[in-house]
Amino acid sequence: MKPATFSYAAPRTVEEAIELLEAYGDDAKVLAGGQSLVPLLNMRLAQPKVLVDINAVEGFDEIVEEEGFVYVPMRVRHVQGERSPLLREKLPVVSEAVHQIGHPQIRNRGTMCGSVAHADPASELPAVLMALDGRIVVKSGDGEEQITPEDFFLTYLTTSLQPGQLVTALRFPLLPPNSSAAFVEFAQRPGDFALCGVAAYLHLDEGGTIAEARLALMGVGGTPFCAEQAEAVLQGERPSAALFAEAAETVSQEVDPDSDIHASAEYRRHLAKVLIPQALEMAAARLGEER
Amino acid sequence: MSAPIATRPQFAGQRIKRLEDPRFLTGHGQYVADIQLSGTVHVAFVRSNYAHAHIKGINAEEARKDPRCFAVLTGAELAQAKVFLPGAQNAPLPALAIDEVCYVGQPICAVVATDRYAAEDLAETIEVNYDPLPAVVDTLAATQPNAPKANLAFPTPGNVFFHMEHATDGIDDLFADPQVVVVRQTFRTQRQTGMPMETRGIVASWEPGTASLTVYAATQMPHGLRDTLAAALHLSQSKVRVISPDVGGGFGMKAPVYPEDVVVSFLAQQLGRPVKWISDRREGILADTHARDGLHIAEAAFSKDGLFLGLRDHMISPAGAYPLGLSGAVAETVLATLVLPGPYKVQQYAWQIDGVLTNTTPTGTYRGVWGPAATWVQEGMIERAARQLGIDRVEIRLKNMVRKEEFPYHSVAGVVYDPGSYQESLQLAMEKIGYAGFEEERRQAAAQGRTLGLGIACFIEPTAMGVMGDEPLTVPNDVASIRIEPSGQVIAQVGISSHGQGHETTVAQLIADQLGVDVQNVTVLHGDTAAVPYGGGTGGSRSITIGGGAAILAAQELRQKVLQIAGHLLEAAPEDLEIADSTIQVKGVPGRTVTLAQVAQTAYMLPQKLPQGVEPGLEATKRYTPPPITFSNGCHAAVVEIDRATGAVKVLRYVVVEDCGKMVNPMIVEGQITGGVAQGVGSAFLEQLVYDENGQLMTTTWMDYLMPESTDAPKVDFGHIETPSQNPGGMKGMGESSLIASPTALVSAVEDALGVWVGALPLTPQRVLALAEGRQEDAGA
Amino acid sequence: MVIPVETATITVTVDGRPYTATVEARKTLADFLREECGLTGTHLGCEHGVCGACTVLLNDSAVRSCLTFAIQADGQEVMTVEGLAAPDGTLHPIQQAFWENHALQCAFCTSGFLMTTYAFLKENPNPSEEEIRETLTGNICRCTGYQNIVAAVADAAARLRGEKHTQPVGGV
């Protein structure tokens with residue numbers, strides 16, 4: 001289980017990295033933390049001709065807050081996201097989700113942007129990005145774009161990234177007042193890809209009814225799943241166990257998961273129904289704490 | 001020698017920390033992958049992508065032209081050299097496929113290159129032209145008359161290559177008797193594999209000067225590998241040396257000889273330089289022997305007051321595409337017939353076995369072999385009877401168990417149970433798990449919306465096999481050759497072969513006690529056919545009983561000689577002497593001593609000072625043959641909690657009561673148990689090798705084959721009972737009991753929690769949920 | 001533009017000592033340690049990042065050396081199991097705790113557990129059993145059932161906090 005031959009470059013700047021990605025196009029792969037890519041290389045399931053290692057790029061390694069957004073740049077490793085005082089205070093749901101990625105050694109090396117760019121449908125951050133209405137910041141020779149998760153994730157392990165494009169950051173909006181978010185997942189062992197996971201976002205108006213709700217699921221299809229019908233069920237209602245159960249019921253009709261060796265479609269659908277109220281209740285409880 | 005001599009230390013029975021550990025803790029263990037011989041070239045295998053196909057052609061031109069290539073070897077070339085792997089049922093196996101491949105992962109050709117990276121590059125360039133054949137994957141489907149033949153070259157007409165049956169007189173009458181209560185269940189174990197952390201691997205080196213082969217291999221049985229390689233390569237046994245260096249676990253998977261062993265050894269001979277192959281994990285999961293995957297269609301007859309009157313079991317078990325070595329299809333079933341009645345006094349007994357060829361990886365032995373399914377059947381039957389008859393689960397067991405005064409007990413299966421503690425183990429386990437108060441605990445938990453269950457698994461473990469038949473299939477004895485060096489240091493060469501069991505410590509403990517030396521002065525050598533006498537290696541929970549028994553006998557003989565010489569030197573009768581701290585002293589006379597070193601120097605260098613008729617030297621070799629089977633016994637008990645929303649199971653408490661006779665090192669005994677219990681968690685809840693209908697293995701990574709992690713394994717609470725065996729030292733084997741009993745204990749706890757019966761493993765959350773919701777069809781039961 | 005290379009001469013400081021070698025870009029850090037540095041205490045159990053047997057410290061952080069390329073460690077610091085004991089051979093308290101608690105059997109996974117524990121206890125000197133078990137999920141052991149490993153990590157933590165004295169090496 002040894003990788004096929006490749007050439008390797010470790011640019012010092014984003015411009016150099018993009019230059020390499022443009023020059024080598026489909027033959028090039030970005031190497032960030034490598035925790036998803038290198039197993040594929042070792043098994044020769046991926047055989048890029050060129051690896052562009054962004055670990056030597058200067059900067060891009062600190063989580064920052066700017067004008068109502070938290071930015072997680074491309075060299076930030078999971079462990080930083082897990083422990084970041086900024087995230088833990090302002091967006092604890094992100095830290096909680098990152099904590100459930102892999103194992104400590106994986107989190108020490110893997111990057112948050114890399115996990116998103118890899119686009120495994122059973123990974124945590126894509127769903128969290130979707131529930132929080134985050135953006136994927138992508139740079140290329142043509143400049144910078146901020147892409148919605150809906151546009152970014154196309155199917156299993158496939159994104160809208162074009163040759164020459166590089167994910168340079170994740171952008172999360174800060175939570176407005178009277179809003180909160182939560183993330184829950186179910187896996188057979190800690191660190192396994194979850195069989196199903198739910199990221200929930202709730203925003204209440206002053207009267208205590210739900211002004212906006214977002215629910216994103218993982219593990220139930222080729223991309224993170226935005227449960228729009230369930231969101232509509234929640235909108236304009238007051239949070240309650242019955243409401244959350246109704247939303248869960250709606251989602252379980254809405255999703256169309258695949259069966260695989262780890263779980264049947266039916267079981268994943270069931271898990272969605274179980275986890276949605278848990279995530280919504282956790283989010284609602286957090287709102288209660290704030291008041 | 002003025003210091004008072006301490007009373008003789010008793011090393012056996014003590015929690016002595018392992019003598020072998022410092023090298024491992026500092027990263028200086030020497031596993032086969034660590035062996036670096038100068039000039040070594042590296043092998044990668046091209047393996048079948050098809051479950052069943054004709055090979056129409058192999059194109060290796062590009063690889064052969066590459067300057068990094070040393071050789072490409074195909075099955076045709078091996079056949080030309082008449083090199084085969086001796087197989088079971090007198091059907092030699094091609095070490096590399098010739099015309100037909102019969103499972104995904106079967107080796108087709110070997111490519112040798114400068115390093116492993118290059119070998120994999122070259123392997124990728126080799127084109128195999130396949131003509132697919134119909135494949136049969138499911139075991140039951142393979143038994144059907146119209147099923148495709150899994151292996152066209154195999155000399156049986158259909159896929160059922162092995163059949164045996166037996167019934168006691170009167171069993172049909174018993175099951176027809178309207179007075180008896182019959183319970184039935186089909187028990188289906190899933191396909192698993194031993195999955196040691198170290199993969200298989202081999203480094204073979206040909207020495208042209210002596211025309212001999214030296215092989216370093218991760219094997220449990222160095223002499224077995226030596227014999228097979230010599231036969232396969234048409235070499236004399238004296239020209240093949242097998243060294244099993246530090247071995248990173250085996251669990252039965254490293255017992256057989258594999259095609260790759262023959263190929264790599266042949267290549268070393270052909271190329272005249274060291275050849276190395278270290279399996280990677282993916283090819284290991286494809287090509288290491290698989291195990292379990294059996295079907296037991298069982299029924300049991302009970303009297304209305306709960307007597308276990310009769311048992312019938314039809315076992316159907318897959319061999320994979322070839323019966324390799326001791327095929328799992330045969331080992332797991334034939335051996336199970338000996339122990340299916342378990343600790344219970346069953347009166348009537350019948351069984352049938354069908355061994356079946358399918359287009360899957362060959363099956364072999366995995367820790368517990370005959371035990372896990374047999375225990376599940378026997379305990380499953382008694383649980384069903386208890387619930388159906390309304391008898392307490394513990395009561396019905398106690399009522400049917402062999403009692404202390406009934407040993408030795410001749411079981412209906414034709415084996416003799418030596419003394420054990422069947423009832424006592426169950427009672428102690430129930431005390432420790434809190435059986436008496438459990439219904440109250442369950443009720444209180446239920447009031448909080450929690451679902452608890454308590455599981456019980458009583459077991460017998462057949463260990464340390466002695467003479468079982470007239471075929472020379474196994475080594476029913478083992479050997480220790482011990483010498484005391486002139487310095488007084490002790491060196492023991494043993495035929496057992498440690499791959500994690502700690503023999504360098506436990507055997508030293510036994511010898512140190514006999515010779516009155518510190519355990520640190522005993523060096524135990526194993527795993528080298530040029531250094532140790534002929535032995536059976538390690539497997540079947542044989543080592544401490546048979547190998548340790550031989551060590552005790554050899555050390556006793558040596559002790560007599562030491563005392564004889566010392567008596568002569570001290571002018572005292574040998575029976576008036578004692579040994580401690582490497583010093584021999586006249587009992588009660590502190591000044592009259594001689595050191596072991598002085599005795600040894602006399603024995604080797606001053607023969608004129610030896611007593612009349614005593615041969616020079618201080619060495620002894622003894623072989624010990626145990627009774628046919630030495631039975632350990634015990635009981636596992638578990639309390640689990642089930643999340644009814646997801647089907648997840650959490651083990652809250654776990655108790656093991658083990659009676660393995662006299663324990664040499666309780667710390668090592670407990671370590672074996674906690675390890676086996678964790679593997680039982682894997683068997684019960686997590687692990688499964690899954691094929692699709694075309695015979696593609698879907699679980700070829702550790703992201704798909706889920707083994708227990710630190711958060712999955714329960715904390716085990718121990719109870720020990722010691723019923724000594726008749727073997728030297730009173731020991732019984734115990735390496736497998738923990739995996740024999742733990743899956744059943746855990747399954748039983750889930751059944752108890754949900755009030756259901758389980759017929760298929762593993763109990764994934766999905767399956768538990770189906771059971772909890774009464775969807776038996778979705779639970780595979 | 002930076003020109004991608006297939007091979008490079010790199011220098012990696014391992015256990016305080018610099019090692020220079022010309023390697024293919026595809027060579028993993030694990031293979032570099034084992035083959036170029038002769039440090040075979042780092043073991044390969046799965047080569048796809050699940051088992052943790054190959055865990056080493058890269059710039060003080062526990063990582064899987066099968067998922068890192070040697071070329072990425074050029075100019076950086078690596079610590080392996082061979083660097084744990086003192087130069088005079090005295091075992092590190094973590095090694096001693098593993099020994100005394102019988103936390104190893106076949107020992108193939110042991111190096112990885114030791115290195116994970118080393119990094120973990122630096123960050124969390126007084127962990128709960130739950131925290132220990134959670135941290136160790138990144139390392140698979142097939143022999144011990146983890147019970148003694150968990151005990152050894154707790155024991156090592158107590159030793160490193162100075163709450164328990166380490167016995168001299170070599171005693172039984």
Side-chain angles (χ1 to χ4, degrees), chain A residues 1-13 15-24 27-28 31 33-45 47-57 77 79-80 83 99-100 102-110 187 189-192, chain C residues 1-8 10 23-31 44-76 112 115-117 119-120 123-124 130-140:
Chain A
M1 214 186 269
K2 309 291 182 191
T5 299
F6 55 77
S7 296
Y8 169 92
R12 296 285 174 157
T13 66
E15 290 70 28
E16 284 175 351
I18 290 168
E19 197 182 3
L20 281 160
L21 293 173
E22 283 177 339
Y24 291 97
D27 290 339
L31 174 61
Q35 304 300 290
S36 303
L37 177 60
V38 181
L40 296 176
L41 297 176
N42 286 358
M43 295 182 208
R44 299 193 179 215
L45 296 173
Q47 300 199 8
K49 293 203 173 79
V50 177
L51 278 191
V52 178
D53 182 355
I54 58 163
N55 284 285
V57 171
R77 303 192 192 277
V79 65
Q80 290 170 266
R83 296 177 187 171
H99 178 70
Q100 307 207 40
H103 304 286
Q105 300 98 322
I106 298 282
R107 297 195 292 272
N108 281 343
R109 189 81 188 149
R189 302 175 304 179
D192 284 342
Chain C
M1 192 173 77
V2 187
I3 304 299
V5 293
E6 274 192 34
T7 60
I10 60 169
V23 296
E24 284 188 279
R26 62 173 167 167
K27 187 159 207 140
T28 62
L29 178 58
D31 283 337
L44 289 167
C46 73
E47 293 183 279
H48 56 276
V50 178
C51 78
C54 68
T55 302
V56 298
L57 268 57
L58 176 61
N59 302 329
D60 295 328
S61 165
V63 302
R64 305 205 187 290
S65 61
C66 74
L67 298 188
T68 306
F69 296 109
I71 197 168
Q72 298 184 278
D74 186 20
Q76 307 196 40
M115 300 317 290
T116 298
T117 303
F120 172 58
E123 287 171 2
N124 187 350
E130 198 183 339
E131 288 169 325
I132 293 171
R133 284 195 182 259
E134 194 190 321
T135 292
L136 297 180
T137 55
N139 292 75
I140 294 179

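Numbers restart at 1 for each chain; the letters A, B, ... are given by sequence-line order, proteins then strands.
- Taking CZ of A/Arg109 as the reference point, atom CG of C/Leu67 lies at 9.5 Å (rounded to 0.5 Å).
- Of the listed residues (C/Val5, C/Val63, C/Val2), the greatest number of heavy-atom pairs within a distance under 4.5 Å of chain A belongs to C/Val5.
- By number of non-hydrogen pairs under 4.5 angstrom with chain C, the leading residue of A/His99, A/Glu15, A/Arg12 is A/His99.
- For A/Leu37, no part sits under 4.5 Å from any heavy atom of chain C, backbone or side chain.
- For A/Asn108, the parts lying near chain C are the backbone and the side chain together; criterion is any non-hydrogen pair under 4.5 Å.
- For a residue to count as touching a neighbouring chain, one of its non-hydrogen atoms must lie under 4.5 Å from one of that chain's; by this rule A/Leu40 does not touch chain C.
- Residue C/Asn124 qualifies as enclosed at atom CG: its count of foreign heavy atoms under 6.0 Å is above 12.
- One finds the CD atom of A/Gln47 at 9.0 Å from the OG1 atom of A/Thr5 (value rounded to the nearest 0.5 Å).
- To the nearest 0.5 Å, the span separating OG1 on C/Thr28 from CD on C/Gln72 amounts to 11.0 Å.
- Highest contact tally toward chain C, considering only A/Ala4, A/Gly102, A/Gly34, A/Pro190, is held by A/Ala4 [criterion: heavy-atom pairs under 4.5 Å].
- With a 4.5 angstrom heavy-atom cutoff, C/Phe120 does not touch chain A via any of its atoms.
- With A/Arg77 contributing its side chain and A/Arg107 its backbone, the two residues share no donor-acceptor pair below 3.5 Å.
- No donor-acceptor pair closer than 3.5 Å links the side chain of C/His48 to the backbone N or O of A/Pro39.
- The greatest number of non-hydrogen atom pairs below 4.5 Å with chain A, out of C/Ile3, C/Ile71, C/Leu136, is found for C/Ile71.
- Between A/Arg83 and C/Glu123 there is a salt bridge, with a side-chain nitrogen of the basic residue lying less than 4.0 Å from a carboxylate oxygen of the acidic one.
- Of the two parts of A/Lys2, only the side chain, counted from C-beta on, holds a non-hydrogen atom closer than 4.5 Å to a non-hydrogen atom of chain C.
- Looking at A/Glu19, the atoms closer than 4.5 Å to chain C (heavy atoms on both sides) sit in the backbone and in the side chain alike.
- Only the side chain of C/Glu24 comes within contact range of chain A, with at least one heavy atom under 4.5 Å from a heavy atom of that chain.
- Only the side chain of A/Ala23 comes within contact range of chain C, with heavy atoms under 4.5 Å apart.
- Note: A/His103 NE2 to C/Thr137 OG1 = 5.0 Å, rounded to the nearest 0.5 Å.
- Your options are A/Pro104, A/Ala9, A/Pro3, and the one with the most heavy-atom pairs under 4.5 Å with chain C is A/Pro3.
- With a 4.5 Å cut-off on non-hydrogen atoms, C/Asp31 touches chain A through its side chain but not through its backbone.
- Comparing A/Asp53, A/Asn55, A/Val50 by how many heavy-atom pairs each has under 4.5 Å with chain C, the most go to A/Asp53.
- Remark: C/Leu44 CG to C/Ser65 OG distance equals 6.5 Å, nearest 0.5 Å.
- Looking at C/Asn139, its side chain does come within 3.5 Å of a backbone N or O of C/Gly52 through a donor-acceptor pair.
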